[in-house]
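The structure appears below as structure tokens.
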Amino acid sequence: MASFGVKRSPTAASVIAENQDVDVSVVCTVLKLLDKDNTVPFIARYRKEQTGGLDPTVLRNIQTQYEQLKSIQDRAASVAKKIGEKLTPEIKNCLNNALTMEEVEEVYAPFKKGSKGSHADRARQLGLGQPAECLLKDPKSVQLETLVKPKTEGVKNIKQVSLGIQHILADVIAKNSDTMSSIKKMLKKQPLQLESSLSRSAAKEKKEGGGDKRYEQYHGFKLSVSSVRAHQVLALNRGEQNKVLTVKLTIPKNVEKQFLVRLRKTWVPCDAPGNIKKLFNAAVDDAYNRLIKPKVTRQSRTSLTKQAEKESVDLFMMNLYRLLLTPPVRGMSVLGLDPGFSHGCKLAVLSTTGEVLETRVIFPFGKKAKTEQAKSTVVDLVKKYRCDYVAIGNGVGCRDAETFISELIKQRAFAPQDIAYCIVSEDGASVYSASPEAAAELPSLEASLRGAVSIGRRLQDPLVELVKIDPKHLGIGMYQHDIPETLLRGALDGVVEDCVSFVGVDLNMAGISMLRRIAGLNEKKAKAILAWREEHGAFINRDQLKEVKGIGLKSYEQCVGFVRIINALRFHSNTSKPSISALSSTSVDSGHEIVTVLDSDEEEKPTVRGKKRKGDGAEEGVKKKKKMRNGKQEFCANPLDMTWIHPESYPVAESLMQLLGILPEQIGQPMVKNAIDNFLQSRKIEELAGRLNVGVPTLHNIIDGLRQPTDHDIRVNFQKPLFKRNVTSLSDLHPGTQLSGRITNMTSFGAFVDCGVGRDGLIHNSNMGQFKGKVGLGDLVEVTVKAVDLVKQHIQLILTQISSRFDPQLLVAVEGLSKASA
């Protein structure tokens with residue numbers, strides 16, 4: 001970076017542009033938007049003209065790297081200040097151009113308190129710096145004997161003088177840019193070897209019959225760094241940290257030989273006297289063995305770890321996108337079943353809206369009397385509440401619970417109800433059950449019963465339920481405990497923000513868990529919205545968000561496009577405040593009747609109304625949906641508030657509706673879609689965009705917002721839950737058995753598939769054939785059993801067909817999340 005004080009330098013933009021393969025001018029634009037506190041979802045959806053339509057994953061990568069570079073710059077500035085008077089132009093240049101924190105710390109190491117400095121630094125302090133420079137220019141210009149000072153330690157004899165100059169020469173050789181680029185170029189053709197072996201302590205334990213068995217495959221492990229996989233790197237790191245493995249990187253012998261020949265050719269002067277030539281040869285060996293070789297292996301090891309962490313985080317993010325975008329099962333009542341043995345199976349009946357109707361505990365896996373009672377209880381609950389599905393948690397006892405329910409279905413015990421069951425991941429359910437949020441949400445239920453509620457609701461609306469849980473507890477990805485907490489949390493929080501924002505929420509129905517994940521909001525602002533709703537009743541108009549404490553113009557701009565008002569209740573100042581339950585059954589107002597947010601006996605809170613607020617793009621050029629009655633501010637319901645059209649684009653949307661002859665109350669109806677399609681049959685969208693003086697991407701957003709149903713959910717086109725009515729046993733499997741299943745987790749070495757046999761099978765990368773790199777979490781696949789180990793409960797599968805997959809293009813059409821789902 002050119003300057004410590006400049007947070008966004010051309011160098012930073014060019015580094016990011018190169019790493020992300022994005023045009024540098026676009027990166028500069030994105031960095032400017034980020035500097036102005038714009039969120040990634042807002043930029044991705046509402047600033048496509050400026051970013052060229054970059055999808056959120058690329059924007060997230062740019063944001064992450066930008067934050068990293070700023071942290072490095074801040075640290076470099078701090079180091080420069082600490083070095084003080086000793087800061088030379090060369091050191092300053094190294095700090096300015098540092099692209100990793102390791103580079104900054106390497107420069108700072110000799111200056112840290114208590115450090116004696118490097119060998120070269122100490123030699124220079126003894127006055128050997130200038131003679132060494134003279135030798136580099138003219139090997140005959142210095143007589144080493146003249147540098148001896150008998151009373152000074154370090155130069156009191158010829159041997160010490162030679163060693164001091166050798167250290168300085170080695171330092172110069174090692175820091176030469178051509179030297180480092182030369183060996184890195186050679187190692188691209190013949191990469192370093194990553195090797196591991198059993199540590200001494202672990203070998204001793206193994207000899208005594210003990211030891212850790214988890215790392216057996218890494219005893220005597222050896223692989224080129226160009227071939228090693230992310231999961232292997234993280235496993236080796238963990239084994240080393242646990243003192244089970246000894247890991248090292250080695251440079252190929254022929255590379256060492258060629259490199260040393262090149263160094264000597266470059267640095268050892270041919271016309272030098274014998275003793276000086278010997279000194280240069282010693283300096284070359286010293287530079288390689290003490291400085292270059294350790295630095296290259298250290299940097300390579302760090303690079304391998306960072307790349308492995310990045311791949312793991314990327315995989316975790318991809319899996320989380322797919323999990324959170326699982327379509328909801330709307331309008332269906334569900335029986336949530338949390339399996340258990342000694343403490344029984346917990347049941348929770350949920351209404352079509354997720355309300356808890358009844359809970360029970362049954363013991364189906366014991367005495368016959370209890371089993372019969374359990375059957376009777378389940379059948380009675382299903383029939384009483386006309387349940388459509390049973391959601392079974394996939395934890396301990398899942399297989400037995402699945403058999404129990406499938407047998408009842410087979411016996412037609414639920415007739416005339418046609419019921420099916422679905423295995424639902426219960427990862428994190430116990431964490432949620434014991435959380436303060438669960439206690440506040442379900443205060444009358446014991447923690448054990450809250451798990452059954454969570455399992456059932458995960459089927460009804462996965463996103464709403466899963467945002468309550470820290471993503472790292474959701475059982476997806478790999479080696480999450482080996483990844484830095486801040487790196488993983490930041491990445492996963494970004495995914496949750498993207499998913500919640502792009503799916504959108506009903507401003508009057510959403511709770512804190514969903515609202516706090518909306519772009520531009522946080523937990524404090526989410527609580528303020530709920531408090532406002534509690535005090536004033538339902539939101540009638542998006543513009544009312546500005547009345548909420550803590551929602552300033554920037555927060556409003558960032559969040560308003562992602563919140564909708566699906567039902568606007570019409571009421572006057574002398575009516576009572578509407579309840580949320582009343583609101584949910586009220587039809588949308590046409591947008592023309594005047595309604596108020598304040599009761600007649602409430603005082604109007606003092607606010608500045610007369611001045612136009614700068615930067616409030618949502619109000620510019622738009623007919624305000626506010627009026628005054630009896631000194632009270634009143635609001636109109638605006639049908640555009642039901643769409644994902646941003647208020648800043650309302651004037652264009654209104655002009656388009658006038659052009660097409662569309663009435664506000666018709667938004668989202670089939671006639672609007674037909675009108676738009678017919679209009680665009682004879683005109684290009686570019687022409688229409690020019691006529692309305694708006695960018696084509698923004699016009700696409702407006703058109704989609706007008707013609708999509710007001711209850712449109714982007715998740716409906718993705719992979720739906722897998723429902724079943726019967727069960728297959730692991731003992732029924734044999735090599736060649738054909739199965740269907742759903743991918744439940746993706747790792748860098750393969751995919752795990754639920755084939756309905758109680759244990760997930762593994763499709764190793766080597767068994768994916770032509771489909772390698774084309775599958776992901778949630779895909780429905782056809783597989784063939786390759787091998788079954790009944791003792792270890794392991795199933796090896798071969799992928800034969802992808803029967804239904806998470807189509808990345810569907811998401812591209814909405815938000816461009818192609819790289820998160822490809």
Side-chain angles (χ1 to χ4, degrees), residues 17 20-34 36 38-60 62 498 501-502 504 519 557-558 560-562 564 617-618 620-622 639-640 642-662 664 666-668 672-709 712 714 717 807-821:
Q20 302 301 324
D21 194 22
V22 177
D23 186 86
V24 68
S25 62
V26 174
V27 172
C28 286
T29 300
V30 172
L31 300 189
K32 289 178 183 177
L33 289 169
L34 291 171
K36 293 179 180 178
N38 290 290
T39 62
V40 167
F42 177 81
I43 296 171
R45 180 178 283 181
Y46 300 115
R47 293 296 180 263
K48 291 180 180 177
E49 286 93 343
Q50 297 181 43
T51 67
L54 289 181
D55 70 55
T57 51
V58 175
L59 291 171
R60 289 271 173 215
I62 291 174
D498 288 347
S501 297
F502 295 145
E557 176 194 50
Q558 297 300 303
V560 69
F562 305 110
R564 307 188 204 181
E620 294 178 7
V622 185
L640 287 172
M642 298 185 294
T643 72
W644 62 17
I645 300 172
H646 197 283
E648 67 185 8
S649 297
Y650 280 5
V652 178
E654 290 167 351
S655 298
L656 180 60
M657 287 192 290
Q658 290 177 2
L659 185 63
L660 298 172
I662 298 171
Q666 295 174 326
I667 290 174
V672 176
K673 183 179 184 302
N674 294 334
I676 292 173
D677 291 344
N678 292 335
F679 186 85
L680 291 178
Q681 278 182 356
S682 57
R683 297 170 181 81
K684 291 183 177 180
I685 194 166
E686 291 80 6
E687 177 188 335
L688 182 59
R691 182 173 177 178
L692 296 172
N693 193 28
V694 67
V696 172
T698 297
L699 183 57
H700 272 301
N701 271 346
I702 294 171
I703 289 173
D704 288 342
L706 292 176
R707 66 182 177 183
Q708 286 174 344
H712 174 71
I714 65 171
N717 295 316
D807 185 357
Q809 293 306 313
L810 294 173
L811 203 51
V812 173
V814 180
E815 301 300 342
L817 291 171
S818 57
K819 293 191 178 180
S821 56

- Query: With Thr39, which residues qualify under side chain to side chain donor-acceptor pair (under 3.5 Å), at least two apart?
  - Reply: Gln558

- Task: Rounded to the nearest 0.5 Å, what's the gap from CD on Glu654 to CG on Leu692? Could you check?
- Result: 12.0 Å

- With side chains defined as the heavy atoms from C-beta onward, is the minimum distance between Arg60 and Pro41 less than 4.5 Å? yes

- For Asn674, the side chain to side chain donor-acceptor pair (under 3.5 Å) test, sequence neighbours excluded, returns none

- Task: Hey, can you tell me if Phe562 and Tyr46 have their rings parallel, tilted or perpendicular (30° and 60° cut-offs)?
- Result: tilted

- Message: Taking side chain to side chain contact (heavy atoms under 4.5 Å, CB included) as the criterion, tell me which of Ile702, Ile667, Asp704 meets it with Thr643.
- Response: Ile667

- Task: Please report the shortest heavy-atom distance between Pro664 and Met657, naming the atom on each side.
- Result: CA-SD, 4.4 Å

- Message: With a sphere of 6.0 Å drawn around CG of Asn678, does it hold more than 12 non-hydrogen atoms of other residues, nucleotides or ligands?
- Response: yes

- Query: Under 4.0 Å between a Lys/Arg side-chain N and an Asp/Glu carboxylate O for Arg47 and Glu557?
  - Reply: yes

- With rounding to the nearest 0.5 Å, note down the distance linking CD1 in Ile676 to CG in Leu659. 10.5 Å

- Query: Is there a side-chain contact between Val58 and Thr51 (heavy atoms, below 4.5 Å)?
  - Reply: no

- Message: Please give me the minimum heavy-atom distance between Pro647 and Val560, naming the atom from each residue.
- Response: CD-CG1, 3.5 Å

- Task: Heavy atoms only: give me the nearest Thr29-Gln50 pair and the separation to one decimal.
- Result: CG2-O, 3.5 Å

- Query: Is there side-chain contact between Thr698 and Ser649, with heavy atoms separated by less than 4.5 Å?
  - Reply: yes

- Task: From the options Asn701, Leu660, Leu640, select the one residue that forms a side chain to side chain contact (heavy atoms under 4.5 Å, CB included) with Leu706.
- Result: Leu640

Only pairs under 3.5 Å count here: list side-chain donor-acceptor contacts from residues 680-691, not counting sequence neighbours, and write none if there are none.
| unit_1 | atom_1 | unit_2 | atom_2 | d |
| --- | --- | --- | --- | --- |
| Arg683 | NH1 | Phe679 | O | 3.4 |

- Yes or no on side-chain contact (heavy atoms from CB on, under 4.5 Å) for Leu34 and Ile43, after CA distance, side-chain angles and deciding distance? CA-CA 9 Å; Leu34 291 171; Ile43 296 171; 3.9 Å; yes

- Message: Taking the side chain as everything from C-beta on, heavy atoms only, tell me whether Ile703 gets closer than 4.5 Å to Leu656.
- Response: yes

- Task: Look up atom CG in Leu59 and atom CG in Asn38, then write down how far apart they are to the nearest 0.5 Å.
- Result: 11.0 Å

